**Q** 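This is the structure, below, for whatever I ask next.
This one's a predicted model, so the numbers in the text were calculated from it and none came from an experiment. Order of appearance sets the numbers: ligands from 1, and atoms from 1 within every ligand.
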Amino acid sequence: MKILMAASEAVPFAKTGGLADVVSALSLALAKLGHEVRIALPRYYSIDRGQLTQIEGPLGVPMGGREEWSAIYTTELPGSIKKNPVQVYFIDHEQFFGRDGIYGVPWEPDFLDNPRRFTFLSRAVFQLCRKLNWYPDVLHAHDWPTALVPVFLKYREKSEGFVNTVSALTIHNLGYQGIYNKDNFFYTNLGWDVFYNTGFDDWNMMNLLKAGLNSADKINTVSPNYARETQTQTHGFRLDGVLRYRSVDYTGILNGIDTEVWNPQSDKFIPANYSAGDMSGKAKVKAVLQKEFGLPVEPDIPLVGMVTRLTEQKGVGEVFGPAYGSAWSICRDMRIQFVLLGSGEAWCENEIKSLSSRLPNFKAQIGYSEKISHLIEAGSDFFLMPSRYEPSGLNQMYSLTYGTLPIVRNTGGLADTVQNFNQETGAGTGFMFDDLTPSAIYNTVGWAVWAYYNKRSQIEAMRLRGMKQNFSWESSAQQYIAMYEQALNTDALRQ
Ligand code: ADP
């Protein structure tokens, strides 16, 4: 199958969130399965043209009654296999992408011309294929920045080379939809009938994601449970109706994890490696982790870890909120140690600093560190993740892989990956709670700590059970292929 990923981010070139990891990891996994995968990205200012190869000749993109001209550069995606590399194409347009920031900068968080920049990117994808004389079977778009790709395919481009092409759109975060003044619709070169018939219209504004969700042949999000949740008013960010309407074509496919980077048997960041067959290394990592955070090195005290962006989505208010957060009473009442690595909202960073100065068993590092995040995942006994919503979540999958028991809220991808402890039978891989309240977090951490002291053999068995789960990209990639195939079959029947 020929697949073109149209995206605004892909590691290692540009990243603000999980979308960037998925685009690259999924592309590599699809290529390993033998498919021909290419990626189209903007050439942001920070991407050094000196490392890329230029493709001869300009690329013209019709937009708003004129032609926008750009250059094309290319390189292989790092990590590609030799016999079937993933080729990345960069669309270089100085006015749109020759600046700092992907979507914005601190003093202009959402660039005023974003609708124009990403309309350009989405349309340029088609011109790129023409220029390369390479027409994909599947055009796969990601989130609002490329949500116009399925719209253009359906209403403008489904002819000549694209006659048999189908589209897929993945939702990585429904909270961002690309809602702009409808004056910007002008840049799409589409008619107003399309605006009103395809769901661009959102209370007299233009909603790019909504238009994409109504136009794509298949849509998906990054876990089965989040696919269900987003069809409810509570989690639908006002698009639950659209998603229910498209429910036949809407699925959830769990993200995979990079098992070369996140593997306790070969992890380069941790002081000792270990496996389900020999867990002795985990105790060594725990000791180093305790030392790193200035805690007493005690093997038999339960250690709770957290690695997170400090934002509302992650439930940090209920853990660290001044006066009402549960961390204070958890550390005061329970014989545990608690370590945190994170950065984000200023109030939360301040509260965490204040807590760590008052509680001897609570230690935190504010910042971003790949190494410390591996140390916490491997060295902790429990990993706390009380997310408000969680489309997929990676940290709980890392925890399971490292024999660290996740304590999670029963939501989104967390519910798909963790099974709740059953203290009668010993079944399960972690500890779960339903309501996002400080007392639910307190009680569930308390339950886990109780089990640590009183049901030790069950705890050890749970660790091994978690470590045996398979979160590789290969099985996710196979599900994407199944989704593409369905879209192609339906399209063939329609013609
Ligand atoms: P989200 O993408 O919503 O932040 P995920 O659990 O899907 O949540 O992924 C978070 C990723 O970011 C994980 O790989 C996690 O280890 C990493 N991460 C978050 N904060 C930090 C930090 N302060 N230092 C290192 N890694 C971090």
**Q** Is the shortest N/O to N/O distance between N395 and ligand 1 below 3.5 Å?
**A**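 The answer is yes, given that N395 and ligand 1 share an N or O pair closer than 3.5 Å.
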**Q** Could you label the plane-to-plane angle of the Y484 and Y480 rings as parallel, tilted or perpendicular, counting under 30° as parallel and over 60° as perpendicular?
**A**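 Aromatic pair Y484/Y480 classed tilted.
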**Q** Give yes or no for whether the N/O distance cutoff of 3.5 Å, strictly under, is met between R309 and ligand 1.
**A**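 N/O-N/O distance below 3.5 Å exists for this pair.
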**Q** On a heavy-atom basis, which atom in F421 and which in A451 lie closest, and how many Å separate them?
**A**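 Closest pair (atom of F421, atom of A451, distance): CE2-CB, 4.1 Å.
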**Q** Are E298 and R335 ion-paired here, with the side-chain N under 4.0 Å from a carboxylate O?
**A**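 Judged by the 4.0 Å cut-off on N to carboxylate O distance, E298 and R335 do form a salt bridge.
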**Q** Between the side chains of R388 and E312, is the shortest nitrogen-to-carboxylate-oxygen separation below 4.0 Å, so that they form an ion pair?
**A**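 Looking at R388 together with E312, the answer is yes, because their closest N to O distance falls below 4.0 Å.
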**Q** Indicate, as side chain, backbone, both or neither, the part of T308 found under 4.0 angstrom from ligand 1 when only non-hydrogen atoms are considered.
**A**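 The part of T308 near ligand 1 is the backbone, not the side chain.
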**Q** Take every heavy atom of G393, measure it against each atom of ligand 1, and state whether any distance is under 4.0 Å.
**A**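 Per 4.0 Å heavy-atom rule, G393 contacts ligand 1.
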**Q** Check Q396 against ligand 1 and report side chain, backbone, both or neither, counting heavy atoms closer than 4.0 Å.
**A**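 No part of Q396 is near ligand 1 at this cut-off.
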**Q** Polar-atom distance check: M385 versus ligand 1, any N or O pair below 3.5 Å?
**A**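 M385 vs ligand 1: no N/O contact under 3.5 Å.
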**Q** Identify, for atom 7 (O) of ligand 1, the protein heavy atom at the shortest distance, and state residue, atom and that distance.
**A**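 Nearest protein contact, heavy atoms only, for atom 7 (O) of ligand 1 is L394 N, 3.1 Å.
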**Q** Would you please determine whether S387 falls within less than 4.0 Å of ligand 1 on a heavy-atom basis?
**A**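 Checking ligand 1 against S387, which is what was asked, there is no heavy-atom contact under 4.0 Å.
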**Q** Please state which part of S392 comes within less than 4.0 Å of ligand 1, counting heavy atoms only: side chain, backbone, both or neither.
**A**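 Within the 4.0 Å criterion, S392 makes no contact with ligand 1.
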**Q** Looking at R409 and E390, does any basic side-chain N land under 4.0 Å from a carboxylate oxygen?
**A**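 Between E390 and R409 there is no salt bridge, as every charged N stays at least 4.0 Å from the carboxylate O atoms.
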**Q** Are R116 and D113 close enough for a salt bridge, meaning some N to O gap below 4.0 Å?
**A**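 No, no charged N to carboxylate O under 4.0 Å.
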